[in-house]
Asker: 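What follows is a structure written as structure tokens; I'll ask about it next.
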There are 2 protein chains.
Amino acid sequence: MSDIARLAGVHVSTVSRALAGSPLVEAGKRKRIEQLAREQGYVVNPVARSLRLKRTQMVSVVIPLQHEAGQPLTDPFFVAMLGHLAEAITQRGYGMHLQKVVLPTHEWLAELIASGRSDGVVVIGQSTEHETLQQAADSYPPLVVWGGRIPGQKYCTVGSDNPGGAEAAVRHLLKTRRRRIVFLGDPTGPELRQRYEGYLRALREAPRGTAPPRVVPAHLTPDAASLAVRECIRAGEPFDALFAASDVIAISAIRALAGEGLAVPRDVAVVGFDDIPLAAHTTPSLTTVRQDVEGGARTLVDLLFRRIEGEETESVVLPVQLIVRESAPA
Amino acid sequence: MSDIARLAGVHVSTVSRALAGSPLVEAGKRKRIEQLAREQGYVVNPVARSLRLKRTQMVSVVIPLQHEAGQPLTDPFFVAMLGHLAEAITQRGYGMHLQKVVLPTHEWLAELIASGRSDGVVVIGQSTEHETLQQAADSYPPLVVWGGRIPGQKYCTVGSDNPGGAEAAVRHLLKTRRRRIVFLGDPTGPELRQRYEGYLRALREAPRGTAPPRVVPAHLTPDAASLAVRECIRAGEPFDALFAASDVIAISAIRALAGEGLAVPRDVAVVGFDDIPLAAHTTPSLTTVRQDVEGGARTLVDLLFRRIEGEETESVVLPVQLIVRESAPA
DNA sequence: ATGAAAGCGCTAACAA
DNA sequence: TTGTTAGCGCTTTCAT
């Protein structure tokens with residue numbers, strides 16, 4: 001910048017003002033300075049700017065992966081979320097700082113915040129970090145979380161109606177005469193736990209003769225899910241439907257079932273959660289609960305920026321929709 | 001930091017050294033300072049640090065979208081690439097700065113570089129930005145590009161063997177008695193152009209009686225592809241095979257064909273490119289050319305860091321593999 | 001309308 | 001081994 005100042009024969013402060021579009025600096029001079037900067041390929045150094053302004057024009061997006069440690073950043077749902085977040089954030093002229101946190105150290109969030117690397121933080125998935133988030137929320141407003149709403153929570157969440165979606169899915173299975181419905185997934189984090197609760201709620205009002213709830217833990221990786229299903233089958237306990245905590249789990253479950261000679265939906269009906277693009281194209285196509293990823297991402301970013309500007313915002317629960325396909329037909 | 005210094009009764013520079021793990025500072029004192037920092041929830045400000053060090057510990061990942069402007073960041077291939085890049089970059093203790101560039105202004109790269117926002121840049125897809133990249137390469141070594149290798153190129157690329165893959169795909173179609181093979185896609189950018197060239201090469205050695213090459217431009221969005229195929233069919237010119245420039249195009253082509261009453265593979269065989277997860281699950285499942293996304297991402301990051309450290313690196317062409325499935329069976 | 005000067009939080013060369 | 005000091009590139013208050 002001092003180069004530009006020298007070339008323009010003015011003081012750096014004038015260049016700074018000119019490039020910031022300040023009305024203080026004379027119009028003609030401003031044009032000249034802008035022109036000069038363009039010629040010289042000069043752009044203001046955002047690092048120095050950030051240091052001075054204490055604003056980074058950056059948003060951090062964090063994905064804490066704990067029990068799902070093996071899960072790479074390739075889960076279709078996460079990854080779609082990322083794409084839409086990038087879209088929404090860059091649209092506002094902010095940069096996006098993407099960070100994956102494995103086996104969170106309980107200080108990861110506090111450190112990220114304290115570092116001042118960004119003006120706001122989006123956390124995708126509560127994982128097991130509810131407490132961490134609670135603590136941060138007190139002193140750090142510009143924080144939004146994709147996940148389930150939890151009673152007494154102090155941070156702002158955006159998330160799908162997990163219990164409602166799960167309940168709808170299980171009701172659908174019951175309505176189509178399935179009586180031994182297994183929940184496939186590890187209900188450790190709030191989101192999956194809520195789906196599990198929806199599952200329980202639906203079963204509570206199930207017709208007599210319905211088998212009691214049964215959980216088969218399966219992590220969000222395809223392999224883990226296949227394994228779990230196979231073991232479940234070999235355990236010999238009969239079931240005629242699976243409600244999977246996610247589409248990725250559901251799809252690999254279908255594969256595992258086929259491998260064990262069980263037909264979907266004839267022998268076992270399967271319902272997933274997410275409605276990832278793949279879901280419509282598997283054989284059989286997957287009945288699932290659709291989440292509105294794009295709307296979710298937009299809402300997250302919208303709320304985040306309102307919080308950055310000091311506004312208080314309430315959490316948002318987005319409606320979901322049961323998409324009935326072949327794996328659990330009507 | 002000055003707070004910590006005061007509390008520890010030492011000068012800031014000592015704190016700085018201690019926190020940097022410098023052997024200069026007495027071990028006991030260092031422990032004490034580290035402890036203090038932890039208690040106070042202090043972490044060094046990376047912005048100030050960056051300004052001082054002229055290193056940001058950040059890598060920029062840029063996706064220039066030009067003709068595909070409408071295309072959001074949801075193309076499965078890009079998105080998988082992103083996930084793996086995030087993985088590889090964070091593994092090295094760097095942050096990832098994600099940027100999407102629409103309708104590039106020809107200065108986007110120069111500005112990004114000049115801004116000093118990051119220590120290196122990964123560009124995903126050359127799009128039509130070959131010239132821009134050429135110019136940047138001269139003065140900015142830490143730049144790697146996912147895309148096709150172009151004769152005379154000065155920047156470092158990592159990319160699949162596009163011509164080879166395309167050739168294998170088309171040879172496969174020829175071997176299975178297809179004689180009127182259409183290339184479906186817009187060969188504007190280098191990658192698709194290379195796939196097109198592979199297509200031409202295979203046709204050049206085709207048996208007599210094979211129809212001449214024919215291109216039906218289709219953008220990378222599903223809708224555009226469907227439309228193109230429908231028009232192509234209605235043009236009345238017969239064809240018995242499609243080689244699509246990407247899986248997304250191929251899949252929507254299959255849909256369009258079905259919509260027009262043409263059976264795949266009976267009437268028309270279809271081969272795609274990428275082998276996105278969906279490809280194995282469509283009906284019929286998609287014969288396609290598999291790219292190694294994960295290996296590509298790892299190689300990109302590996303080369304980038306070698307370049308950041310001043311090493312010169314050669315471009316890399318990754319092998320591809322024809323995956324034969326139902327849409328173009330053996 | 002412009003310049004001078006301070007300072008954002010940090011690191012490193014130099015001094016002690 | 002530790003402290004002093006300068007300065008990274010910018011913005012902004014204050015003075016002119």
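Residue numbers begin at 1 in each chain, while the letters A, B, ... track the order of the sequences. Any value given below was found using the heavy atoms of this structure, including those in side chains, with hydrogens, waters and symmetry copies removed. Note that the coordinates shown come from a computational prediction; the quantities given were computed from them, not determined experimentally.
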Asker: To the nearest Å, how far apart are A:Arg6 CZ and C:dG3 P?
Answerer: 14 Å
Asker: Starting at atom CD1 of A:Ile33, determine the distance to atom P of C:dA1, rounded to an integer number of angstrom.
Answerer: 14 Å
Asker: What's the spacing between A:Lys54 NZ and A:Arg49 CZ if we round to 0.5 Å?
Answerer: 15.5 Å
Asker: Applying side-chain contact (heavy atoms from CB on, under 4.5 Å), can you list everything that pairs with A:Thr132, at least two apart in sequence or on another chain?
Answerer: A:His106, A:Trp108, A:Leu109, A:Glu129
Asker: Show every donor-acceptor pair shorter than 3.5 Å between a side-chain atom in residues 38-45 of chain B and any protein atom, with sequence neighbours excluded, or say none if there are none.
Answerer:
| unit_1 | atom_1 | unit_2 | atom_2 | d |
| --- | --- | --- | --- | --- |
| B:Arg38 | NH1 | B:Gln35 | OE1 | 3.0 |
| B:Glu39 | OE2 | B:Gln35 | NE2 | 3.0 |
| B:Asn45 | OD1 | B:Val47 | N | 2.7 |
| B:Asn45 | OD1 | B:Ala48 | N | 3.2 |

Asker: How long is the line joining CD1 of B:Ile4 and C1' of C:dG9, in whole Å?
Answerer: 13 Å
Asker: Charged N to carboxylate O under 4.0 angstrom, A:Arg307 versus A:Glu311?
Answerer: no
Asker: Could you list the residues that satisfy side-chain contact (heavy atoms from CB on, under 4.5 Å) with A:Asp119, not counting sequence neighbours?
Answerer: A:Arg55, A:Thr56, A:Tyr94, A:Ile308
Asker: Could I get the full list of side chain to side chain donor-acceptor pair (under 3.5 Å) partners for B:Ser315, not counting sequence neighbours?
Answerer: B:Gln153, B:Thr157
Asker: Specify the residues of residues 8-22 of chain B, ordered by number, for which at least one heavy atom lies under 4.0 angstrom from an atom of DNA chain C.
Answerer: B:Ser13, B:Ser16, B:Arg17
Asker: Closer than 3.5 angstrom, by distance alone: can the side chain of B:Ser16 be matched with the main-chain N or O of B:Val12 as a donor-acceptor pair?
Answerer: no
Asker: Applying side-chain contact (heavy atoms from CB on, under 4.5 Å), name anything that partners A:Ser22, two or more places apart in sequence or on another chain.
Answerer: A:Arg17, A:Leu24
Asker: Rounded off to whole Å, could you give me the CZ-to-C1' distance for the A:Arg52 and C:dG9 pair?
Answerer: 12 Å
Asker: Would you please say whether a donor-acceptor pair under 3.5 Å links the side chains of B:Asn162 and B:Ser160?
Answerer: no
Asker: Please enumerate all residues that pass side-chain contact (heavy atoms from CB on, under 4.5 Å) together with B:Ala110, with sequence neighbours excluded.
Answerer: none
Asker: What's the separation between atom OG in A:Ser118 and atom CG in A:Leu112, rounded to the nearest 0.5 Å?
Answerer: 5.0 Å
Asker: Taking any atom under 4.0 angstrom from a heavy atom of chain A, which nucleotides of DNA chain D are the first and last to qualify, 5' to 3'?
Answerer: D:dG9 to D:dT13
Asker: Can we say B:Arg306 and B:Asp302 salt-bridge, meaning some charged N sits less than 4.0 Å from an Asp/Glu carboxylate O?
Answerer: yes
Asker: Please report the distance, rounded to the nearest Å, between CD in B:Gln57 and P in C:dC10.
Answerer: 15 Å
Asker: Hey, does B:Leu53 reach any base, or is it just sugar-phosphate, or nothing, if we go heavy atoms under 4.0 Å?
Answerer: sugar-phosphate
Asker: I need the full list of ring-ring contact (aromatic ring centres under 6.0 Å, His included) pairs touching residues 115-141 of chain A, with sequence neighbours left out, sorted by first then second residue.
Answerer: A:His130-A:Tyr155
Asker: In residues 36-46 of chain B, which ones come under 4.0 Å of DNA chain C, going by heavy atoms?
Answerer: B:Tyr42, B:Val44, B:Asn45
Asker: Just how far, in rounded Å, is P of C:dG9 from CG of B:Asp3?
Answerer: 10 Å
Asker: Give the residues of residues 111-121 of chain A touching DNA chain D, defined as any heavy atom closer than 4.0 Å, sorted by residue number.
Answerer: none
Asker: Between A:Lys29 and C:dT2, does any side-chain N or O lie under 4.0 Å from OP1 or OP2?
Answerer: yes
Asker: Hey, could you give me each pair passing salt bridge (Lys or Arg N to Asp or Glu O under 4.0 Å) that has a residue in residues 145-154 of chain A? Not counting sequence neighbours.
Answerer: A:Asp138-A:Lys154
Asker: Output the rounded distance in Å from CG (B:Leu51) to C1' (C:dC10).
Answerer: 8 Å
